[in-house]
J.: 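Following this message is one structure expressed as structure tokens.
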Amino acid sequence: MRARLLSLVISLCIAFLAGADALEDAKKELRDAMLKDSSDGQKAAVQKIVALNDPRGLLELNNVLMEVIPSLRKSDAELAGLENDLEQRKEKIERLKANPDEQKKAEAKKAEIDLKEFVDKKVAPVRKRAGNLKSSREIVSGGIVDLIANLPAEKRRVESDRLAKTIQDTNKGWEDRASAMECYARMGEIAAFGILWKVDKESQTNKKKSIAELPEKEAAFEKERARFYDQVQKQGGKYYKGAEENMQKLEKEVKGIQERIYASAQLVEAANRLIPVNIASLGAAQQQKPISELTGAAKGNDPGARLAAIEILGGVPDANVRAFLRTLIVGGDPGVRIAALDSLIKQKDEGAIDIILEKCIKDDEWTVRAAAIQALIVIRTAKSVPALIAALENEVGRLRDDAQDALESLTSQTLTTPPAWKQWWEKSQNGFTVAPPASQPSKRGPRVGDTGVAFAGIQTSSKNIAYVVDVSGSMNFGLESEGPPVQGKPTRFEMLKKELVASIEHLPEGGKFIMITFSSGVTQITPQPQPVNKDTKAAVLKFIEKDMKAEGSTNIYAALKSAFDLAGMGATDKFYKPVIDTIFFLTDGTPSPDTEMTDPERLLAYVRERNKLGKLAVHVVCLGEADASFLRKLAEQNHGEFVKP
């Protein structure tokens, strides 16, 4: 008997040790695959860990996932910097090629060789790594779900509870909570929907509170900073340490609030993305409960929950969901109509085309019509062409450009007048096939019948414009140098003044305009949208010629915030109807380290959030050594055009 017991114990020990060795081998394989950025190796190693059915594997997978998420953020940031460098190199090559000097042309050839090496050795590897990290996030989180599914019921419940607890623990960082959400959403548990939806709504509430708290604190910081630098200037570089400490304290408080806003936004974004994943993991019968709750919220009285629910439903590929979203794009709150259109765009719902053509593209609210035209560009069908020609004929201002852009996208034609489009359509409609989407947006040139203006090479038919321009100290540099300009050639600041004067002089009456300058802080030259007339234009032109100076650093966040704040009451109220529909944004710099928000990705996220329902076009003019990659994204993500003169 003793011999049999001893044999059993030995067998169990051997099995345990063998399992431990197998787990260690699989863990090592996974670590090696992560270092090599090998998706195939990661899949194989994760599958080995899952196959061992050992709960200890969960800790390893969770640790890897916790490394992947910040690594992905770091990789994305590194890639953004490299893309900016790449953009600068390309611009330099084009300038060298355009120079008739043979030496410059020789420099261009060498620069092209260097560019290829730069792409091959630096840009391409980081692009690949960023893509692999996104893949790793899916592979590892999927492995965690699979391993949990293989565990005995009790252990499965323990792990499920642990994930749920982590998600709801507000003392944990957003990265920890988002990591747990990645796994929990995929477990096929109906309870996950309730927790994710709760986090979504709570995070929205927290973000709203922090946003409300921010302006007062920012104003206090700006006031204290202006006082501090004024003191430094008056005292020849000397200052009281207490004044500096007070300024730094206020700056820390501002950045703390912004960090809370960002963390809340990341949790909302994760929940909005993962709730559809959770619904897809459920059985058909179970899916009806969360869908019903979301459709109820989409019809409810809580604006934040309503818009979030509509966005989430856009990720649920269900015929009944699409039918429900179609009911929301007609009548009621314009913000709801815009959000529902955006969700139908995500689903590329051809079933919505007739409603969009009959109702949305003729809506009373210009923001809804703008969203409808964007929908027609994505949900591509020949049925849209006659309606877009009619829009081109009937619209004035910004939406005239939108209709023209949509027609060019669907047809690959570049006609310039409604009669020309009508004539072409009469001849071409039989057998017409919609053109494939262009890989790059086309540059908008002057068009017959334009009633708007140009600024730094960007043409718009808009009559309601905000000029948001950089007047930092570096604007005194030459157009192509990071130092004093070449004698006889204009500075960036001189170029800016010339472009502003020409553009404002040609502003058509009947619209409104704003002018904002920014450096270390922001100056609202027009404290509210001004009607375009002789007197208002003269006042701003006088300021440009007599009082505008270039000095200080580059506070891009404050400039963009001010632009959206001044765009009109409708930019922030429940009607989502901005007075301004187009922003011209010009800068030669990157966000200065001493300003409230400097991370380009956070700035892009901030503008996307502000512009989600406003639909303003943000055209961007990039000068000097500014972050071209960031500025190009700013334009592309906000219906605008990017130029680098």
J.: Any heavy-atom pair between the side chains of Met548 and Phe493 that's under 4.5 Å?
T.: yes

J.: Would the distance check show the side chain of Thr491 and the main-chain N or O of Glu494 forming a donor-acceptor pair, the cut-off being under 3.5 Å?
T.: yes

J.: How long is the straight-line distance from CG of Leu399 back to CG of Leu392, given to the nearest 0.5 Å?
T.: 11.0 Å

J.: Are Lys633 and Asp627 close enough, and set up right, to give a salt bridge (Lys or Arg N to Asp or Glu O under 4.0 Å), and what steps lead you there?
T.: CA-CA 10 Å; Lys633 289 177 185 176; Asp627 187 341; over 6 Å; no

J.: Compare all side-chain heavy atoms of Thr582 with those of Asn464 and state whether any distance is below 4.5 angstrom.
T.: no

J.: Would you find a donor on one side and an acceptor on the other, under 3.5 Å apart, between the side chain of Thr523 and the backbone of Thr517?
T.: no

J.: So does Ile377 get a backbone contact from the side chain of Arg380, meaning a donor-acceptor N/O pair under 3.5 Å?
T.: yes

J.: Rounded at 0.5 Å granularity, tell me how far CG in Asp581 sits from NZ in Lys615.
T.: 14.0 Å

J.: Within a radius of less than 6.0 Å around CD of Glu350, do more than 12 heavy atoms belonging to other residues, nucleotides or ligands occur?
T.: no

J.: Would you call Asp114-Lys110 a salt bridge at under 4.0 Å N-O?
T.: yes

J.: If we only count heavy atoms from C-beta on, is the Val540 to Tyr467 side-chain gap below 4.5 Å?
T.: no

J.: Can you measure from CD1 (Ile514) to CD (Gln528) and round to the nearest 0.5 angstrom?
T.: 9.5 Å

J.: Provide the closest heavy-atom pair for Cys622 versus Phe642 in the form atom of the first, atom of the second, distance.
T.: CB-CE1, 3.6 Å

J.: Can you tell if the side chain of Met495 reaches within under 4.5 Å of the side chain of Lys498, non-hydrogen atoms only?
T.: no

J.: I'd like to know if the side chain of Asn555 and the backbone of Gly521 have a donor-acceptor N/O pair within less than 3.5 Å.
T.: no

J.: I'd like to know if the side chain of Ser409 and the backbone of Asp405 have a donor-acceptor N/O pair within less than 3.5 Å.
T.: no

J.: For side-chain hydrogen bond (donor to acceptor under 3.5 Å, both in side chains), just list the numbers for Ser461 and Asp401, CA-CA rounded to whole Å, side-chain angles, deciding distance to a tenth of an Å, and then say yes or no.
T.: CA-CA 6 Å; Ser461 296; Asp401 290 339; 2.9 Å; yes

J.: Run Ser553 and Ser520 through side-chain hydrogen bond (donor to acceptor under 3.5 Å, both in side chains) and show every step you take.
T.: CA-CA 5 Å; Ser553 55; Ser520 303; 3.1 Å; yes

J.: What distance separates Leu96 CG from Lys109 NZ, expressed to the nearest 0.5 Å?
T.: 12.5 Å

J.: Mind listing the closest non-hydrogen atom pair of Leu388 and Ile361 along with its distance?
T.: CD2-CD1, 4.1 Å

J.: Look only at the side chain of Arg492 and the backbone of Asn476, and say whether a donor-acceptor pair between them is shorter than 3.5 Å.
T.: no

J.: Verify side-chain contact (heavy atoms from CB on, under 4.5 Å) between Phe630 and Ile556, making sure each step is shown before the conclusion.
T.: CA-CA 12 Å; Phe630 155 61; Ile556 287 178; 4.3 Å; yes

J.: Return yes when atom NZ of Lys128 has more than 12 non-hydrogen atoms of other residues, nucleotides or ligands closer than 6.0 Å, and no otherwise.
T.: no

J.: Mind listing the closest non-hydrogen atom pair of Thr526 and Leu566 along with its distance?
T.: O-CD1, 3.6 Å

J.: Nearest heavy-atom pair of Val119 and Pro125: which atoms, and what distance?
T.: O-CD, 4.0 Å

J.: Considering only heavy atoms from C-beta outward, does the side chain of Tyr557 approach that of Arg602 to under 4.5 Å?
T.: no

J.: Given 3.5 Å as the limit, does a donor-acceptor pair link the side chain of Asn611 with the main chain of Val607, or not?
T.: no

J.: Before you tell me yes or no, could you show the steps for Phe518 and Asp470 under side-chain contact (heavy atoms from CB on, under 4.5 Å), namely the whole-Å CA-CA distance, both residues' side-chain angles and the distance that decides it to 0.1 Å?
T.: CA-CA 5 Å; Phe518 69 96; Asp470 185 346; 3.6 Å; yes

J.: Which atom pair, heavy atoms only, marks the closest approach of Asn638 to Leu634?
T.: ND2-O, 2.8 Å

J.: Do Ile544 and Met515 make a side-chain contact, defined as non-hydrogen atoms from C-beta onward lying under 4.5 Å apart?
T.: yes

J.: Quick check: Phe584 with Phe513 (ring centres under 6.0 Å apart)?
T.: no

J.: How far does CD1 of Ile373 sit from CG of Leu341, to the nearest 0.5 angstrom?
T.: 11.0 Å

J.: Asp402 side chain to Ala370 main-chain N or O, any donor-acceptor pair under 3.5 Å?
T.: no

J.: Which heavy atom of Val453 sits nearest a heavy atom of His506, and at what distance?
T.: CG1-O, 3.2 Å

J.: Are Lys561 and Arg610 close enough that some pair of their side-chain heavy atoms sits under 4.5 Å apart?
T.: yes

J.: Counting distance only, does the side-chain N/O of His619 pair as donor-acceptor with the main-chain N or O of Gly640 below 3.5 Å?
T.: no

J.: With the side chain counted from C-beta on, respond yes when Lys255 and Glu259 share a heavy-atom pair under 4.5 Å apart, and no when they do not.
T.: no

J.: Working note: Lys537 + Glu509, criterion salt bridge (Lys or Arg N to Asp or Glu O under 4.0 Å); need CA distance, chi angles, decisive distance, verdict.
T.: CA-CA 10 Å; Lys537 290 200 289 187; Glu509 294 196 7; 5.8 Å; no

J.: If you measure from OG on Ser562 to CD1 on Ile516, what distance do you get to the nearest 0.5 Å?
T.: 3.5 Å

